[in-house]
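Worksheet: the structure to be examined is printed underneath.
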Amino acid sequence: MEREVRVRFAPSPTGPLHIGGVRTALYNYLFAKKMGGKMLLRIEDTDQNRFVPGAEQYIFESLEWCGIKLDESPVHGGPHAPYRQSERKPMYMDYAQKLVQDGHAYYAFDTAEELDAMRERLKAAKVATPQYNSITRNTMRNSLTLPEDDVKKLLESGTPYVIRLKVPRKEEIRLKDLIRGWVLVHSSSIDDKVLMKSDGMPTYHLANIVDDHLMGITHVIRGEEWLPSAPLHVLLYRYLGWESTMPEFAHLPLLLKPDGNGKLSKRDGDKLGFPVFPLQWSDPFTGEKSSGYRESGYLPEAFINFLAFLGWNPGTQQELFTMDELAEAFSIERIGKSGTRFDINKARWYNEQYLRAKPDTELAQYLLQALAEHNISCSEEKAVKISGVMKERVTFPQDFWREASYFFLTPEQYDEKVAGKKWTAAAVAVFEDFKNQLETISDYTADNIKQLLLTILEQKGMKIGQVMQALRLAITGLEAGPDLMAIIEIIGKDETKHRIEAATTKLQSFVS
Ligand code: GLU
């Protein structure tokens with residue numbers, strides 16, 4: 001019988017979740033959804049030295065914002081609770097000891113000084129990467145080199161020790177990665193990794209394998225940086241007698257910096273001009289703030305659509321996908337092997353698409369909120385109209401105010417470049433007539449306003465192109481924007497008059 005698909009996202013709470021981590025979580029989620037399986041979140045907090053307050057909460061909040069729903073987690077509970085490794089501490093030692101009994105691991109009593117001395121010795125002998133391994137272990141103080149009685153005594157007397165994996169000297173370790181195919185690694189390149197630390201905590205490697213097994217994980221989908229650890233994990237599955245239910249592996253390609261040079265890292269922070277974290281993060285130790293996609297105005301549906309495409313593609317032209325559609329289309333086979341360059345313009349594009357697809361009534365709420373913050377009153381109807389006019393031109397919700405404040409405020413400054421070129425005596429004469437005849441329009445609509453302007457232009461033997469930019473300048477102060485007649489309609493007759501008068505006064509020196 002096929003096993004139910006079970007995947008996990010297993011972050012360490014050592015800081016804010018990086019965008020690459022969110023992508024890993026997303027791919028796990030999409031795969032589980034596609035396969036009708038389950039996804040769990042496990043907090044890998046065995047390294048107490050790297051604990052960062054708030055990081056775990058940040059992980060939950062980020063996943064929730066993205067719409068990644070968990071079946072099991074420290075918060076949701078589940079049949080394999082607890083889901084925090086620090087709370088599972090007592091169960092790992094048994095597995096480590098079993099490995100020792102079966103001859104696949106050993107106690108090592110070396111002190112920090114002894115380990116340093118070993119490294120110095122090897123360096124002096126020109127060994128490129130000094131390691132505790134199948135060769136060097138023979139010269140160290142461990143249960144393989146010490147007499148059994150001594151080991152017993154050391155253990156009984158409470159001498160600090162670690163448990164190391166006994167990696168075979170000459171063995172080819174193979175593993176099949178669902179993205180990269182067969183990966184072959186020679187065991188001589190792997191060191192005798194510590195499985196249990198002297199504080200009784202397991203290391204990542206042991207805890208990860210024990211938990212994936214106990215939690216029935218069928219597929220391990222994680223970042224490429226874990227690929228070098230995978231052969232070691234294969235050995236652990238084998239030595240623990242779990243090889244037949246070993247999960248399948250899929251190592252995701254790296255996210256690269258926009259120029260393709262190197263991995264996009266947490267440290268890039270805002271240096272590249274865009275966020276690398278889903279939510280804003282304030283470092284609890286330094287107070288340093290890093291921006292987040294949420295606070296920058298990205299919609300979660302745009303963010304996940306963008307993320308899904310960073311390394312995966314559906315093999316069709318379709319670019320816009322809801323979460324359900326992504327899950328439907330998702331397959332591990334369509335994840336690329338090579339690193340994906342990060343392109344923030346694509347994220348912006350997605351945001352624009354998702355904003356535009358929203359009804360004007362919903363978009364109006366963004367504007368109304370900003371207006372309230374600026375103590376400007378505005379009817380819902382007017383806000384809806386403005387949103388409709390602006391939606392093709394905005395990237396973020398905050399742009400409705402940022403880019404459309406001229407609907408509410410008479411310009412105080414005018415684009416001087418446009419003024420220099422377009423503020424002509426002929427245009428000013430047209431505006432004078434236009435302003436005086438606005439009263440004649442009984443139904444103040446964009447169409448009727450345009451008609452009036454055209455009539456005046458015709459009388460003067462002029463073309464609309466000769467005045468449009470100057471009129472836009474008078475009304476908005478800017479060179480470009482949405483349909484000008486719609487703007488004039490929305491600001492109303494009195495304000496239109498007022499703005500033409502104000503511009504005529506202020507731009508006198510530009511008349512050419
Ligand atoms: N705790 C590891 C991390 O922080 C998990 C790696 C894995 O998925 O095996 O990414």
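What you see is a predicted model; the values in this text were computed from it and never measured.
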Over 12 non-hydrogen atoms of neighbours within 6.0 angstrom of CD in E288: no

Residue pair V389 / P482: nearest heavy atoms and the distance that separates them: CG1-CB, 3.4 Å

Close aromatic pair by centroid cut-off 6.0 Å: Y204 and W226: yes

Parallel, tilted or perpendicular: rings of Y293 and F303 (30°, 60°): tilted

side-chain hydrogen bond (donor to acceptor under 3.5 Å, both in side chains) partner of D212, chosen from R42, H233, R6: R42

Side-chain heavy-atom pair L478, L473 within 4.5 angstrom cut-off: no

Other residues, nucleotides, ligands: >12 heavy atoms within 6.0 Å of E325 CD: yes

Test item: Q451 and D447 side chains (from C-beta on) under 4.5 Å apart, heavy atoms: no

Exercise: do T395 and N351 side chains pair donor with acceptor under 3.5 Å: no

Y444-E489 side chain donor-acceptor pair, cut-off 3.5 Å: no

Modelled atom types, side-chain donor and acceptor of Y92 and T46, under 3.5 Å: no

Donor + acceptor pair across side chains of E380, Q365 (<3.5 Å): yes

Polar contact flag, side-chain donor to acceptor under 3.5 angstrom, S387-D360: no

Trace of the side-chain contact (heavy atoms from CB on, under 4.5 Å) decision for E479 with Q469: CA-CA 7 Å; E479 182 179 13; Q469 268 193 294; 3.6 Å; yes

Ring geometry between Y58 and F277 (parallel below 30°, tilted from 30 to 60°, perpendicular above 60°): perpendicular

Q437 atom CD, neighbour heavy-atom count above 12 within 6.0 Å: yes

P13 to A55 - nearest heavy-atom pair and separation: O-CB, 3.5 Å

Check: F9 ring centre within less than 6.0 Å of Y29 ring centre: no

Member of F396, F306, Y354 meeting the side-chain contact (heavy atoms from CB on, under 4.5 Å) criterion with Y298: F396

S290 vs V276 side-chain heavy atoms within contact, under 4.5 Å: no

Atom CD of Q369: over 12 foreign heavy atoms under 6.0 Å: no

Intermediate values then yes/no, salt bridge (Lys or Arg N to Asp or Glu O under 4.0 Å), E64 and K69: CA-CA 7 Å; E64 202 178 306; K69 297 193 183 76; over 6 Å; no

Short side-chain donor-acceptor distance under 3.5 Å, T218 and E248: no

Donor-acceptor contact present, side-chain N305 to main-chain E319, <3.5 Å: yes

Derivation of the side-chain contact (heavy atoms from CB on, under 4.5 Å) call for R8 and R222: CA-CA 9 Å; R8 84 311 194 262; R222 62 184 173 191; 4.1 Å; yes

Exceeds 12 heavy-atom contacts within 6.0 angstrom, atom CD of Q48: yes

E412 atom CD: more than 12 heavy-atom contacts under 6.0 Å: no

No-hydrogen, no-angle side-chain donor-acceptor test under 3.5 Å, Y366 and D399: no

K33 vs D324, salt bridge (Lys or Arg N to Asp or Glu O under 4.0 Å): CA-CA, chis, key distance, verdict: CA-CA 8 Å; K33 241 169 113 74; D324 285 344; 3.1 Å; yes

D211 vs R88, salt bridge (Lys or Arg N to Asp or Glu O under 4.0 Å): CA-CA, chis, key distance, verdict: CA-CA 9 Å; D211 286 345; R88 302 170 68 80; 2.8 Å; yes

NZ (K435) with more than 12 external heavy atoms under 6.0 Å: yes

Separation of F274 CZ from S296 OG (nearest 0.5 Å): 11.5 Å

Whether over 12 other heavy atoms sit under 6.0 Å from K257 NZ: yes

